[in-house]
Structure formats: C-alpha cells, structure tokens
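So you know, we letter chains A, B, ... as the sequences are listed, proteins then strands, and number each from 1.
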Amino acid sequence: MKIDSIGNWRRTHHTVDVKPELDGQEVTLFGWVQEIRDLGGIRFIILQDREGTVQITVPRKKVSGEVLSKSDALQKRFSIGVKGTVQKTEITPRGVEVIPKEIKIFSTASPQLPMDITGKVPANLEVRLDARALDLCREENIAVFKIQHAAVEAIRSFLFEKGFIEVHTPRIIASATEGGAALFPVNYFETKAFLAQSPQLYKEQLVMSLEKVFEIGPFFRAEESHTRRHLSEFVSIDIEQAFATAEDVMQLLEQLMQHACKVVKEKCRRELATLKHRLEVPEVPFKRLTYTKVLEDLKNEGVEIPWGEDIPTPAFRTLGKVHPYFYFITDWPTHSKAFYIKPRDDNPELCEGFDLMWRWIELSSGGTRIASKELLIERLKEKGLNPESFKHHLQTFDYGMPPHAGWAIGLERLTMMLTGKRNIREVTLYPRDRFRLTP
RNA sequence: GCCCUGGUAGUAUAGUCCGGUCUAGUAUAAGCGGCUGUCGCCCGCUGGACCCGGGUUCAAAUCCCGGCCAGGGCGCCA
C-alpha cells in the first residue's frame with residue numbers, strides 16, 4: 001500500500017461544516033474511514049473527524065481511475081484526506097455529500113478491529129478499555145470528553161471571574177503521615193517519597209499570600225476500592241479562599257455547579273443528544289441538610305443509624321432517592337471529618353465541614369478550615385496523628401494564617417453527572433484503578 | 001480484602017439448570033464474489049470459539065474442586 005504524504009493539503013472544513021449551502025464548492029477534509037457501503041456501481045464512504053461525519057460518494061463511472069483505485073483500497077479506520085466537491089442532495093439525511101476529486105491515504109489499519117466502532121455490536125467495558133485509543137474514536141466517547149472539556153473551561157473561567165488564581169502544588173510529597181487515604185510510595189533519589197493524595201495543606205498555605213486559589217490536577221489514592229465511583233488516579237478541582245467561611249464557599253460551589261450545567265447544556269446540545277442524556281440546570285440555593293436531618297430522613301425510610309456514625313453506602317443510595325438531585329450535607333460530627341475542618345464555636349461536637357451530594361454520590365467536600373495553630377495541634381492529637389510530622393505545615397500558622405475555607409470537586413464524578421454515565425471509568429481517558437494500570 | 005454473578009470465534013450472545021445428533025447455533029466483524037442511491041444496505045459463499053489446571057463419568061461447553069480474569073455489591077476512601 002502506497003502511503004501518501006500530506007504535502008500542501010490543509011483542512012478547509014470539518015465534516016459537520018460541509019453544508020448544502022456550499023453546493024459546488026471544493027473542500028479538503030481530513031479524518032478516518034468509519035464505514036464503507038459498497039453497492040457495486042456506487043460506493044459510500046463515511047468520513048469521520050472529531051466533529052462528526054460526512055458521506056463521501058464515489059460513483060464508479062464518474063470518478064477518475066486514481067480516485068477509484070484509492071477508494072477500492074480503503075478500509076475502516078484508514079486515516080485519509082479527501083479533496084472534492086460538495087453536492088447538495090435530497091437523498092442523504094444530512095442533505096449533502098462530497099464527490100471526491102482526489103483521495104490521499106495517510107495510514108492503514110488492521111482489518112479486524114478489536115471492537116465494532118459503529119455501535120451495532122456493543123463491547124464490554126473491559127474490551128473497550130484494553131483498546132481504549134480505538135474506543136475513544138467512538139462518537140459517544142468523543143461526546144463524553146467534549147462535555148468534560150466544556151465543563152472544565154466553564155469552571156476555569158468562572159473561577160477566574162471570581163478572582164481566583166490558578167496554582168500548581170507538588171505531586172511528590174515527603175510525608176505519609178496525614179492519615180486517612182493510603183499513599184503510593186515512590187523512590188525519590190536516596191529517600192522515599194509519596195504521590196500526593198490532595199493539595200489540601202499547600203492550598204491552605206497559599207491563602208496567606210494569594211488569598212483565593214484554585215488548582216485542577218491529578219491526585220493519587222492507594223485504596224483497595226473496588227467500586228464504580230473510585231479511581232487510583234483522579235482529577236481534583238480544588239479551591240481555597242481567605243477570609244471566608246463554609247457558607248461562603250458553599251454559595252460559590254452551588255453557583256459554579258449551576259454555571260457548569262448551564263454552559264454544558266447550551267454548548268453541548270449535540271453531545272448530550274448523542275449520549276441521550278437530559279441535563280437539568282439546578283436552581284440555587286441547593287438544599288442544605290444537616291447530618292442530623294439526614295439521619296431522620298433515613299429513619300423515615302427504615303434505615304436507622306446511631307448519631308455520630310458514618311453513613312454507609314447503601315444508606316446514601318436510599319438518601320439519593322429521597323433527594324434526587326443536588327444537596328449539601330452540613331454539620332457533620334467533628335470526629336467524622338478531617339483534622340483541619342473547623343469545629344463549630346457554639347458546639348464543638350459539630351463541625352463546619354460539608355459534602356455536596358448528587359443523588360447518592362459525593363461530588364465535592366469542603367468546609368471552614370482551622371486557622372488556629374493550637375486548635376489544629378489539638379485536633380491532630382485527637383486524630384492520633386503526630387504534630388511533629390506536620391511541623392512544616394504548622395509553622396506556616398506563625399506567619400499570619402487568615403480564616404479560610406475551601407472545597408474539592410472530583411472531576412470524573414462531575415463528568416458522570418453531566419453525561420449520565422454510571423461507571424467512573426467510562427469518563428476517564430485511561431483509568432487507573434486497583435486492577436488496571438494499562439493501557 | 002469480603003460476598004454474589006459470570007468467563008463460548010475479533011465483538012456480542014444462545015446452549016450450561018436436567019451431561020449424550022453440539023460435527024457448538026445466531027448476529028455482527030473479517031475474506032471472496034455480486035449489486036448505481038446506501039445510511040444497522042442487501043444477496044451468496046468461506047474461515048473462525050467452549051479461560052487454565054485437576055477430578056467424576058462409558059461420555060463434560062454442561063457436574064465437582066482449585067486458579068486466573070471480569071462485572072456488580074460491600075468495606076476501605078484525612
């Protein structure tokens with residue numbers, strides 16, 4: 001097979017921009033062969049690019065021998081270029097097709113692909129993830145990641161607008177003593193280091209200089225989790241704000257969620273249609289349920305949980321049926337939250353931490369942080385952690401730590417909500433979990 | 001880590017309960033041939049599979065045991 005070079009060809013249009021109004025005009029299209037329907041005297045080639053598809057029609061007797069022999073050689077997933085004339089027609093659903101004058105074949109593909117990319121025979125997630133690069137060529141997956149992109153863009157611009165500065169904190173950290181989630185160890189020259197599980201302590205330190213910061217980046221959790229909402233490597237959207245309380249950042253969060261849903265709904269109509277997903281733009285303010293109220297709601301549903309205990313997953317599923325969209329859970333027992341969450345002044349048994357739930361899934365959690373060094377040391381000890389291990393963090397409290405609050409959103413979980421996907425690995429390009437490290 | 005369910009051509013499935021015409025069916029994909037308006041094109045032909053190991057039995061895709069892998073659930077998740 002002779003492989004063509006791109007030469008001086010440059011794309012003039014994406015497939016979706018080939019419209020009946022261009023009738024008679026010459027276009028240069030780049031993309032991949034999605035499907036070929038050969039009727040003998042006429043051949044239809046569906047050309048796909050990231051924006052969609054268009055039909056290339058090859059009438060055997062009306063094209064050059066060169067075009068005919070090129071189109072004879074085509075197979076699914078060949079990367080090609082087509083220079084041709086747009087033809088308005090009533091026969092195709094899109095009302096338009098392209099008659100090729102010249103075809104370039106840039107690369108071939110194996111004839112037997114590991115899965116059906118046209119959607120006639122669906123493949124299992126395992127098969128799809130094993131051939132993820134090919135799986136990602138499917139329109140449905142392109143839609144998922146375009147939606148994620150639109151959401152991230154909306155979130156960034158929203159936070160910029162609100163005066164947040166984008167920062168980048170270390171992924172490689174020295175200490176494994178934060179407690180809670182397990183860390184992945186890495187070799188760091190002659191010593192041992194760990195992959196960061198969160199930017200928490202760094203973003204708190206940054207509020208004493210940059211005041212309002214956010215970070216979007218990957219973090220790592222070495223948990224044994226085997227569920228459809230956990231990953232070993234996930235993307236966190238973190239903010240931290242000086243001179244603010246939990247209520248302030250909850251308001252920011254609910255506005256942000258509303259904004260992101262609105263932008264995705266407007267900008268990604270086609271993608272949502274591809275996914276057959278109806279996205280509702282939520283009203284603000286979101287419901288605010290206290291932990292105690294949640295226990296009451298659960299009791300009404302026949303699920304009894306003693307005050308102070310963690311809420312198990314099946315109870316969250318029940319709760320998600322009672323409150324089927326966004327809601328906050330506030331006023332958690334202090335002992336159930338991280339050491340840096342501020343206990344309430346009027347009742348230290350409760351804290352100013354909150355979770356943002358979507359149905360039964362925790363989308364985000366945050367709270368007012370402790371700004372007093374003494375209290376923080378006390379809370380570390382109560383959690384069974386050694387303040388000595390936190391000395392670098394604790395010393396920053398000697399330099400004027402302001403009152404502050406913040407939260408973190410799991411990007412993949414947000415994407416699940418936006419796309420209607422039920423498994424987090426569907427909305428992750430190359431998921432890493434307890435049992436998968438490749439591709 | 002625990003529990004449940006499953007593992008059959010490239011892909012998706014039927015068959016497994018109740019062992020025997022299963023020489024393992026179907027769809028789709030692939031290969032070959034035919035077809036000038038397809039859009040899940042159509043028609044004909046061809047090749048292609050019982051996760052691995054052990055056991056029971058005259059006989060195992062089917063029953064039993066072990067392993068590996070997957071899906072779901074639980075737990076873990078500052």
Side-chain angles (χ1 to χ4, degrees), chain A residues 34-46 53-63 75-77 87 89-95 97 99 109-131 134-135 175-183 196-201 204 219-232 234 310 312-317 332 334-341 351 353 355 360-362 365-367 369-370 376 379-380 382-385 389-390 393 408 410 413 422-423 425 433-436:
Chain A
Q34 187 187 56
E35 226 178 333
I36 301 165
R37 283 187 286 272
D38 191 339
L39 274 66
I42 192 164
R43 175 181 291 145
F44 304 100
I45 297 151
I46 308 305
T53 60
V54 72
Q55 176 168 290
I56 311 297
T57 302
V58 187
R60 187 170 283 272
K61 287 176 182 162
K62 292 178 193 162
V63 296
Q75 291 180 354
K76 279 181 191 166
R77 288 305 303 168
Q87 188 164 302
T89 166
E90 266 82 67
I91 314 170
T92 72
R94 281 260 307 282
E97 61 190 354
I99 313 298
S110 79
Q112 184 82 78
L113 299 169
M115 76 186 82
D116 168 35
I117 52 165
T118 60
K120 288 177 221 168
V121 181
N124 291 326
L125 187 56
E126 185 199 1
V127 172
R128 290 171 39 207
L129 292 177
D130 282 341
L134 179 66
D135 183 43
S175 163
T177 52
E178 279 188 41
L183 300 178
Q197 60 176 203
S198 130
Q200 184 60 36
L201 304 185
E204 285 194 59
F219 290 98
F220 308 89
R221 307 236 166 135
E223 294 299 331
E224 297 284 350
S225 300
H226 181 48
T227 79
R228 51 192 166 98
R229 63 185 188 287
H230 286 92
L231 292 168
S232 303
F234 68 103
D310 287 338
T313 304
F316 273 120
R317 287 177 191 271
W332 289 83
T334 301
H335 69 81
S336 71
K337 286 285 176 187
F339 68 87
Y340 48 78
I341 296 289
C351 70
D355 285 348
W360 61 281
I361 291 179
E362 181 192 325
S365 73
R369 320 303 191 182
I370 293 171
L376 195 58
R379 288 288 298 134
L380 278 168
E382 283 170 19
K383 283 276 180 186
L385 297 165
S389 310
F390 292 84
H393 182 58
R413 289 186 182 181
R422 299 162 71 91
N423 189 320
R425 297 183 305 155
D433 62 37
R434 177 68 186 84
F435 304 104
R436 181 177 286 275

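- Among the nucleotides B:rG75, B:rA12, B:rA70, the one closest to any side-chain atom of A:N124 is B:rA12.
- Salt-bridge annotation for A:R436 and A:D130: present, with a side-chain N of the basic residue lying under 4.0 Å from a carboxylate O of the acidic one.
- Nucleotide B:rU26 is matched to B:rA12 when pairs are restricted to Watson-Crick or G-U wobble geometry with both distances under 3.5 angstrom.
- Rounded to whole Å, atom P of B:rG71 lies 11 Å from atom CZ of A:R128.
- Comparing A:R413 and A:G40, the nucleotide of RNA chain B nearest to each residue sits closer to the 5' end for A:G40.
- Residues A:A109 and A:R77 come closest through the heavy atom pair CB-CB, 3.6 Å.
- Taking atom C1' on both nucleotides, B:rA24 is separated from B:rC32 by 25 Å, rounded to a whole Å.
- Heavy atoms of A:R43 sit nowhere under 4.0 angstrom from any nucleic acid atom.
- A donor-acceptor contact shorter than 3.5 Å is absent between the side chain of A:S225 and the backbone of A:T227.
- For B:rG47, there is no paired base (Watson-Crick or G-U wobble, both distances below 3.5 Å).
- A:Q112 comes within 4.0 angstrom of a base, heavy atoms only.
- No donor-acceptor pair under 3.5 Å is formed between the side chain of A:R425 and the backbone N or O of A:D433.
- Salt-bridge check for A:K337 with A:D355: passed, with a basic side-chain N closer than 4.0 Å to an acidic carboxylate O.
- Nucleotides B:rA30 and B:rG10 place their P atoms 14 Å apart, quoted to the nearest Å.
- Proximity of A:T227 to the phosphate of B:rG72: no side-chain N or O atom is located under 4.0 Å from OP1 or OP2.
- Of the candidates B:rG1, B:rU38, B:rA70, the closest approach to any side-chain atom of A:F44 belongs to B:rU38.
- Summarising the geometry, the separation between CZ on A:R434 and C1' on B:rG71 is reported as 17 Å, rounded to the nearest angstrom.
- Side-chain polar atoms of A:T89 and A:Q87 form no donor-acceptor pair below 3.5 angstrom.
- An OP1 or OP2 oxygen of B:rC35 is reached within less than 4.0 angstrom by no side-chain nitrogen or oxygen of A:R60.
- Among the heavy atoms of the strands lying under 4.0 Å from A:Q75 are primed sugar atoms or P, OP1, OP2 only; no base atom is included.
- Among the heavy atoms of the strands, none lies under 4.0 Å from A:T118.
- Between A:F339 and A:F390, the ring center distance clears the sub-6.0 Å criterion.
- To the nearest angstrom, P of B:rA12 lies 14 Å from CG of A:L113.
- Within the nucleic acid shown, A:E35 comes within 4.0 Å of sugar-phosphate atoms alone, with no base atom in reach, counting heavy atoms only.
- In the set B:rC74, B:rG37, B:rG1, the nucleotide with an atom closest to the side chain of A:E224 is B:rG1.
- B:rU13 and B:rG6: their C1' atoms are spaced 13 Å apart (whole Å).
- Rounded to whole Å, atom P of B:rC74 lies 15 Å from atom CG of A:D310.
- Between the C1' atoms of B:rC65 and B:rU28, the separation comes to 37 Å (whole Å).
- B:rG48 and B:rG25 have their C1' atoms separated by 14 Å, with the value rounded to a whole Å.
- Counting any heavy atom pair closer than 4.0 Å across all strands shown, A:S110 reaches no nucleic acid atom.
- Base pairing annotation: B:rU36 forms no Watson-Crick or G-U wobble pair, as no partner gives both donor-acceptor distances under 3.5 Å.
- Between A:R37 and B:rC35 there is no side-chain polar atom (N or O) within less than 4.0 angstrom of OP1 or OP2.
- For the C1' atoms, the distance linking B:rU62 with B:rG20 amounts to 11 Å, nearest Å.
- A:R94 comes within contact range of no nucleotide atom at all, as no heavy-atom separation falls under 4.0 Å.
- Counting non-hydrogen atoms under 4.0 angstrom, A:D38 reaches a base of the nucleic acid.
- A:P93 comes within 4.0 angstrom of a base, heavy atoms only.
- The side chain of A:R425 has B:rG72 as its nearest neighbour among B:rU36, B:rA29, B:rG72.
- Just one of A:H226, A:H230, A:E224 meets the side-chain hydrogen bond (donor to acceptor under 3.5 Å, both in side chains) condition when paired with A:R434; it is A:E224.
- In this structure, B:rC63 forms a base pair with B:rG55, meeting either the Watson-Crick or the G-U wobble geometry with both donor-acceptor distances under 3.5 Å.
- Atom P of B:rA12 sits at a distance of 13 Å from the matching atom of B:rG7, rounded to the whole Å.
- Between A:T118 and A:E35, the side chains place no donor N or O within less than 3.5 Å of an acceptor N or O (distance only, hydrogens not considered).
- Closest to the side chain of A:T89, out of B:rG37, B:rU11, B:rA70, is B:rG37.
- The side chain of A:P111 lies closest to B:rA30, out of B:rA30, B:rC74, B:rG37.
- Proximity note for A:I91 (side chain, C-beta onward) versus B:rC76, B:rA70, B:rG37: the nearest is B:rG37.
- For A:I42, whose side chain is taken as the heavy atoms from C-beta onward, the closest listed nucleotide among B:rC2, B:rU11, B:rG37 is B:rG37.
- Base pairing analysis places B:rG6 opposite B:rC69; the two distances defining the Watson-Crick or G-U wobble pair are each below 3.5 Å.
- Pairing for B:rG1 is with B:rC74, a Watson-Crick or G-U wobble pair whose two hydrogen-bonding atom distances lie under 3.5 Å.
- In this structure, the CZ atom of A:F435 is 13 Å from the C1' atom of B:rG73, given to the nearest Å.
- Relative to the side chain of A:H226, the nucleotides B:rU38, B:rU28, B:rC2 differ in distance, and B:rC2 lies closest.
- B:rG40 atom C1' lies 12 Å from atom CD1 of A:I46, rounded to whole Å.
- At a threshold of 4.0 angstrom between heavy atoms, the contacts of A:K76 are confined to the sugar-phosphate backbone, with no base atom among them.
- Between A:Q34 atom CD and B:rG40 atom C1' the separation is 12 Å, expressed in whole Å.
- Here, B:rU26 and B:rA14 have their C1' atoms 7 Å apart, quoted to the whole Å.
- Judged by atom type and distance alone, A:S225 reaches the base of B:rC76 through a side-chain donor-acceptor pair under 3.5 Å.
- Atom C1' of nucleotide B:rU38 and atom NZ of A:K120 are separated by 12 Å, given to the nearest angstrom.
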